[in-house]
Amino acid sequence: MKNPHSLRAAIAGLALLAGPALVRPATGWTQEWSWPERGENLQVLPEDFPPERLGAVMRGFTRALGVRCSYCHVGEEGQPLSTYDFVSDSIPQKDIARTMYRMLGVINDTLATIDPSGPKPVNMWCHTCHRGRPRPTTLDEELAEVHAAEGIDATVAAYRQLRERFYGRGGFDFGENVLNMFGYSLLEEGNAADAVAIFQLNVEQYPASANAWDSLGEGYLAMGDRERSLEAYEKSLELDPENENARQKLTEIRGG
Ligand code: HEC
Ligand code: HEC
């Protein structure tokens, strides 16, 4: 046999598909791991929480935050779960997760005191806030952090990476308004050049948006680049002949 490990790998692959109960150990043959009948260190979940429910909650945490078990538990990604120490509290994220769980209880208890808007009260979950990420920031918060620390080129690069990774997953709002508002916040800070870089990114993402081109026109005007401003406003008016702002700006630029 050319590769004695391939069969084991295939079996381990199947086992992973079936769930985390059967996993490939570091050495040797597949080894059983199962959810404990009784957790040893449960502080927020009931002590006698049944194994299948513990499994559901842990998989829920993992999915809500877009992380692996090793984000909160001592163990190495890719190694069998039997080698993990799930009882240990040495990774701070585990205890933060407990705090979050208690917070969620307070939130849902508070929500239970108002008249529900539908047949049932709307429940809050970990994923209501986290939406697949450990830090539930908004896109403009994320971009503002990168901009403050590393400048405009890194910010544009960060946008592209985030879009590549999270588009369509609900974690961020990639609609045109977010970049538009972020660009305006830079413009208000007096940073027209960086605002233009963001408005350019927005027309690249939304080439058919009259509003995105209008904002780019405003950015160029703030930079004193009349020619490019004119082009952007013309493009905006072409896409939306009813854009009175663009029409007015064009008259002003041509007249002045
Ligand atoms: C976001 C953090 C987080 C992630 C991710 C996470 N867990 Fe947990 N896990 C916890 C917390 C918190 C507890 C303790 C709950 C309590 O105190 O009641 C716990 C408890 C456990 C326990 C019980 C340990 C004991 O006390 O005996 C097991 C087993 C476990 N997790 C397995 C997993 C597995 C397997 C995964 C991946 C599929 C996972 N967890 C992912 C936070 C996490
Ligand atoms: C009401 C919104 C909200 C809910 C619900 C919520 N979280 Fe969080 N969580 C946050 C915020 C905000 C932060 C970031 C705090 C910071 O770093 O400033 C955070 C941070 C965390 C972190 C630390 C991440 C890191 O590495 O910095 C963990 C772990 C976590 N949450 C787990 C959970 C779990 C598990 C649940 C469900 C039981 C949950 N959260 C529910 C808002 C929420």
Side-chain angles (χ1 to χ4, degrees), residues 12-26 30-114 116-117 120-146 148-149 158 162 165-166 169-173:
L14 286 176
L16 282 176
L17 283 179
L22 268 178
V23 285
R24 197 160 77 105
T30 47
Q31 182 180 320
E32 197 112 17
W33 181 85
S34 50
W35 295 93
E37 283 304 319
R38 229 187 140 77
E40 285 178 49
N41 182 18
L42 298 184
Q43 298 174 25
V44 292
L45 300 170
E47 270 175 47
D48 56 354
F49 210 48
E52 61 287 356
R53 291 189 58 198
L54 180 63
V57 168
M58 291 304 141
R59 279 192 289 262
F61 284 3
T62 307
R63 231 175 291 129
L65 273 68
V67 297
R68 304 299 191 109
C69 310
S70 56
Y71 196 76
C72 298
H73 293 292
V74 178
E76 210 178 303
E77 180 53 35
Q79 293 300 308
L81 296 179
S82 55
T83 65
Y84 279 58
D85 181 356
F86 290 111
V87 178
S88 164
D89 284 350
S90 65
I91 295 185
Q93 270 73 16
K94 186 182 178 190
D95 218 37
I96 297 177
R98 287 193 179 107
T99 306
M100 292 279 151
Y101 190 89
R102 293 189 190 101
M103 176 182 80
L104 201 50
V106 173
I107 291 175
N108 283 319
D109 287 350
T110 308
L111 290 173
T113 65
I114 61 167
S117 55
K120 278 203 297 182
V122 177
N123 196 56
M124 285 277 283
W125 309 89
C126 306
H127 61 79
T128 316
C129 290
H130 281 274
R131 292 163 296 142
R133 287 180 299 117
R135 292 183 75 224
T137 46
T138 60
L139 182 57
D140 54 316
E141 283 169 340
E142 200 73 22
L143 296 179
E145 273 184 19
V146 180
L162 291 172
R165 181 144 174 240
F166 291 107
R169 293 169 165 228
F172 286 113
D173 175 1

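Here the structure is a predicted model, which is why all the values come from computation and not from measurement. Counting starts at 1 for both ligands and their atoms, in listed order.
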Hey, looking at [atom], which of [options] has the closest heavy atom?
atom: atom 9 (N) of ligand 1; options: K94, R98, H73; value: H73
atom: atom 23 (C) of ligand 2; options: V57, N108, I96; value: I96
atom: atom 19 (C) of ligand 1; options: M58, E37, R38; value: M58

Inspect the surroundings of [atom1] in [X] and state if more than 12 heavy atoms from other residues, nucleotides or ligands are less than 6.0 Å away.
X: R169; atom1: CZ; result: no
X: E52; atom1: CD; result: yes
X: E77; atom1: CD; result: yes

Heteroatom distance test ([X], ligand 2): nitrogen or oxygen, under 3.5 angstrom:
X: Y101; answer: no
X: H130; answer: yes
X: R135; answer: no

Rounded to the nearest 0.5 Å, what separation is found between the [atom1] atom of [X] and the [atom2] atom of [Y]?
X: T99; Y: Q93; atom1: OG1; atom2: CD; value: 11.5 Å
X: C72; Y: I96; atom1: SG; atom2: CD1; value: 8.5 Å
X: N123; Y: T128; atom1: CG; atom2: OG1; value: 7.0 Å
X: N41; Y: K94; atom1: CG; atom2: NZ; value: 5.0 Å
X: L45; Y: L54; atom1: CG; atom2: CG; value: 6.5 Å
X: C126; Y: Y101; atom1: SG; atom2: OH; value: 8.5 Å

Enumerated ligand 2 atoms positioned under 4.0 Å from heavy atoms of [X]:
X: L104; value: 5 (C), 37 (C), 38 (C)
X: F61; value: 35 (C), 38 (C)
X: Q93; value: 25 (C), 26 (O), 29 (C)
X: I107; value: 1 (C)
X: P134; value: 20 (C), 21 (C), 24 (C)
X: W125; value: 5 (C)

Taking C-beta and beyond as the side chain, do R102 and V44 meet within less than 4.5 Å on heavy atoms?
->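 The answer is yes, as the side chains (C-beta and beyond) meet within the 4.5 Å cut-off.
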Is there a side-chain contact between L104 and M100, using heavy atoms and a 4.5 Å cut-off?
->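 Answer no - side chains too far apart.
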Relative to ligand 2, is L65 under 4.0 angstrom through side chain, backbone, both or neither, heavy atoms considered?
->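 It is the side chain that touches ligand 2; the backbone stays farther off.
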Taking heavy atoms and a distance under 4.0 Å, where does C72 meet ligand 2: side chain, backbone, both or neither?
->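 C72 to ligand 2: no contact under 4.0 Å from either part.
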Any protein heavy atom lying closer than 4.0 Å to [atom]?
atom: atom 40 (N) of ligand 2; answer: yes
atom: atom 3 (C) of ligand 2; answer: yes
atom: atom 17 (O) of ligand 2; answer: no

Distance from [atom] to nearest protein heavy atom, with residue and atom:
atom: atom 1 (C) of ligand 2; answer: C129 SG, 2.7 Å
atom: atom 13 (C) of ligand 2; answer: P136 CD, 3.6 Å
atom: atom 20 (C) of ligand 2; answer: M100 CE, 3.4 Å
atom: atom 37 (C) of ligand 2; answer: C126 SG, 1.8 Å

Taking all heavy atoms of R38 and all of D48, pick out the closest pair and write down the distance.
->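 In terms of heavy atoms, the two residues are closest at NH1-CB, 3.7 Å.
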Can you list the atoms of ligand 1 that are under 4.0 Å from a heavy atom of [X]?
X: V67; answer: 5 (C)
X: V44; answer: 16 (C), 17 (O), 18 (O)
X: P36; answer: 29 (C)
X: T62; answer: 5 (C), 37 (C), 38 (C), 41 (C)

Examine the proximity of ligand 1 to [X] and report which part, side chain or backbone, both or neither, has a heavy atom under 4.0 Å away.
X: W35; value: side chain
X: D95; value: neither
X: Y71; value: neither

Any N/O pair L45/ligand 1 closer than 3.5 Å =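 It does: an N or O of L45 is found under 3.5 Å from an N or O of ligand 1.
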Quick one: do R135 and E145 make a salt bridge, cutoff under 4.0 Å?
->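 E145 and R135: salt-bridged.
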Under 3.5 Å, side chain of N108 to main-chain N/O of M124, donor-acceptor pair present?
->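 Such a contact is found between N108 side chain and M124 backbone.
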Is the backbone N or O of D109 less than 3.5 Å from a side-chain atom of T113, with the two atoms forming a donor-acceptor pair by type?
->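 Flag not set: sc T113 to bb D109 has no pair under 3.5 Å.
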M103 near atom 8 (Fe) of ligand 2: N/O/S under 2.8 Å |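 Checking atom 8 (Fe) of ligand 2 against M103, no N, O or S atom falls under 2.8 Å.
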Any idea how W33 and W35 line up, ring-wise: parallel (<30°), tilted (30 to 60°), or perpendicular (>60°)?
->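 Geometry flag for W35 against W33: perpendicular rings.
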Does the cation-pi check pass for R133 over F172, that is, NZ or CZ under 6.0 Å from the six-membered ring centre and within 45° of its axis?
->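 Pair R133/F172 counts as cation-pi.
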